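Have a look at the structure below before the remarks.
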Amino acid sequence: MNYQRIVVLTGAGISAESGIKTFRDSNGLWNDHTIEDVATPQGFERCPQLVYDFYNARRKQLLSADVSPNLAHFALANIEKMIGNGLLLVTQNVDNLHERAGSKNVRHMHGVLQRARCIVSGKAINITGDFDQKLDCTCCYPSNRMRPDIVWFGEIPHYMDEIAEAISNCDLFVSIGTSGNVYPAAGFVALANRAGAHSVELNLEPSSGTNQFAQHHYGLASVIVPRFFNTITN
Ligand code: NAD
């Protein structure tokens, strides 16, 4: 393989064929809710129960038999097996499909569904079932409320320093299944280009930033992702 330091960015499109809806497929709504209501700190202040219910439903969906990793998730796990720490997988997704496919070096920049976080200390715990404001944290005295460990619009994504460093040093940057509308992820390709990396977009259709990529393949992630990685490893 010609590349030694690869950064892959994934978005909701890689999980679309696994039974999890994207934003774009639903006219900017996330499972029939506005982003303002379920993905902002203000929405949580306004109506916490709606937000708990929304993420409880998304978390429960991960346990359903209809949701499982697809060939694109498996292709990325295989690449990691081949090159180990030479691949950093950065995902905007809050689902657990990369891990279920076998990927280990994953950074969930927007958090994960299966974690709850103390609203004061920021300490997170794993959680697979439902929870709401009745769940107390065990890290503070007196204890505080827990919230979904999801990065909402207006909040700072996780791992930004590590991600920026990896992109600034990568020789291949691949963006998969993301519309290029949500920053800072949408700005990663510019950083990769400045670093001299080869940049590739794999998406169902051209994204907002498609012109910034040196190479593009449009189609279903389950088809174009394994095909692309086959071509660079053979
Ligand atoms: P997005 O919904 O804005 O865009 C998804 C992109 O994927 C679109 O460009 C679409 O054309 C493409 N796409 C759809 N089906 C595809 C397929 N089968 N193969 C390849 N591409 C396909 O998603 P985004 O850019 O990730 O940004 C939205 C935000 O939504 C993220 O911050 C993320 O946290 C959140 N979100 C996450 C999930 C999840 O965890 N699975 C689901 C919905 C939204």
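On a predicted model such as this, the values are computed, not experimentally measured, just so you know.
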| Joint hydrophobic cluster, Val225 plus Tyr218, side-chain heavy atoms closer than 4.5 Å | no
| query | What distance do Leu135 atom CG and Arg145 atom CZ have between them, rounded to the nearest 0.5 Å? | reply | 11.5 Å
| task | Report the relative orientation of the aromatic rings in His198 and Tyr3; use parallel for angles under 30°, tilted for 30 to 60°, perpendicular for over 60°. | result | parallel
| message | side chain to side chain donor-acceptor pair (under 3.5 Å) for Asn56 and Arg59? Distances and angles first, verdict last. | response | CA-CA 5 Å; Asn56 284 340; Arg59 194 177 309 107; 2.7 Å; yes
| query | Closest heavy-atom contact between Gln61 and Gly19? | reply | NE2-O, 3.1 Å
| query | Under 3.5 Å, side chain of Ser143 to main-chain N/O of Cys140, donor-acceptor pair present? | reply | no
| field | Main-chain N/O of Thr178 paired to Gln92 side chain as donor or acceptor, under 3.5 Å | value | no
| message | Asp95 vs Ser15, test: side chain to side chain donor-acceptor pair (under 3.5 Å). Steps then yes/no. | response | CA-CA 8 Å; Asp95 65 50; Ser15 297; 2.7 Å; yes
| query | side-chain contact (heavy atoms from CB on, under 4.5 Å) between Asp149 and His108: does it pass, once the steps are laid out? | reply | CA-CA 11 Å; Asp149 188 18; His108 285 269; over 6 Å; no
| message | I want to check something: taking the side chain as every heavy atom from C-beta on, are Glu155 and Pro41 in contact at a cut-off of under 4.5 Å? | response | yes
| field | Ile14 CD1 to Ile20 CD1 distance, which is reported to the nearest 0.5 Å | value | 11.5 Å
| task | State, yes or no, whether a side-chain contact exists between Val8 and His98 at a heavy-atom distance under 4.5 Å. | result | no
| In one Ile/Leu/Val/Met/Phe/Trp/Tyr side-chain cluster, 4.5 Å: Leu50, Phe153 | yes
| said: Donor-acceptor check, side chain of Arg5 to backbone of Asn169, threshold 3.5 angstrom: yes or no? | reply: yes
| query | Closest approach of Asn105 and Glu80, non-hydrogen atoms and distance? | reply | N-OE1, 3.0 Å
| query | How about Gln133 and Gln49: do any of their side-chain heavy atoms sit closer than 4.5 Å? | reply | yes
| Spatial distance of atom CD (Glu162) from atom CD1 (Ile167) [nearest 0.5 Å] | 10.5 Å
| remark: Of all heavy-atom pairs linking Phe229 and Val174, the shortest is CZ-CG2, 4.2 Å
| field | Leu9-Leu191 co-clustered via ILVMFWY side chain contacts under 4.5 Å | value | yes
| message | Is the shortest side-chain heavy-atom distance between His73 and Ser103 below 4.5 Å? | response | no
| query | If you round to the nearest 0.5 Å, how far is NE2 of His33 from CD1 of Ile35? | reply | 10.5 Å
| field | Contact check, side chains of Ile163 and Phe188, non-hydrogen atoms, under 4.5 Å | value | yes
| field | Joint hydrophobic cluster, Met109 plus Val182, side-chain heavy atoms closer than 4.5 Å | value | no
| query | Can you name the one residue among Val94, Val38, Val51 that meets side-chain contact (heavy atoms from CB on, under 4.5 Å) with Ile150? | reply | Val94
| message | For a quick test of reading the model, state the closest non-hydrogen atom pair linking Ser207 to Phe213 and the distance between them. | response | OG-CE1, 4.5 Å
| Yes or no on side-chain contact (heavy atoms from CB on, under 4.5 Å) for Ile127 and Met146, after CA distance, side-chain angles and deciding distance? | CA-CA 11 Å; Ile127 196 146; Met146 303 289 280; over 6 Å; no
| query | With a 4.5 Å heavy-atom cut-off, do Leu76 and Ile176 have their side chains touching? | reply | yes
| said: Quick check against the 3.5 Å criterion: does Asp171 have a side-chain atom that pairs as donor or acceptor with the backbone of Gln4? | reply: yes
| task | Classify the angle between the aromatic ring planes of Phe131 and Tyr52 as parallel (below 30°), tilted (30 to 60°) or perpendicular (above 60°). | result | perpendicular
| query | Looking only at heavy atoms, which two atoms of Ile119 and Arg147 are closest? And how far apart? | reply | CG2-CG, 3.6 Å
| task | Could you tell me which non-hydrogen atom of Cys139 sits nearest to which non-hydrogen atom of Ser121, and how far apart they are? | result | SG-OG, 3.2 Å
| Once you round to the nearest 0.5 Å, how far does CG of Asn193 lie from OG of Ser199? | 4.0 Å
| query | When rounded to the nearest 0.5 angstrom, what is the spacing between CG in Asn96 and CD in Gln114? | reply | 4.5 Å
| said: Grouping I, L, V, M, F, W and Y whenever their side-chain heavy atoms are under 4.5 Å apart, do Trp152 and Leu113 come out in a common cluster? | reply: yes
| said: Side chains of Asn203 and Glu205, heavy atoms from C-beta outward: is any pair under 4.5 Å? | reply: yes
| task | Apply the test side-chain contact (heavy atoms from CB on, under 4.5 Å) to residues Val90 and Thr10: give CA-CA distance (whole Å), side-chain angles for both, the deciding distance (0.1 Å), then the verdict. | result | CA-CA 6 Å; Val90 177; Thr10 63; over 6 Å; no
| query | Distance-only, no hydrogens or angles: does the Ser179 side chain make a donor-acceptor pair with backbone N or O of Ser208 under 3.5 Å? | reply | no
| said: Can you tell whether the side chains of Arg46 and Asp37 come within less than 4.0 Å, N to carboxylate O? | reply: yes
| Does the side-chain contact (heavy atoms from CB on, under 4.5 Å) test come out yes or no for Phe173 and Val189, once each step is laid out? | CA-CA 7 Å; Phe173 175 74; Val189 59; 3.9 Å; yes
| task | Answer yes or no: are there more than 12 heavy-atom neighbours, outside Glu165 itself, under 6.0 Å from its atom CD? | result | no
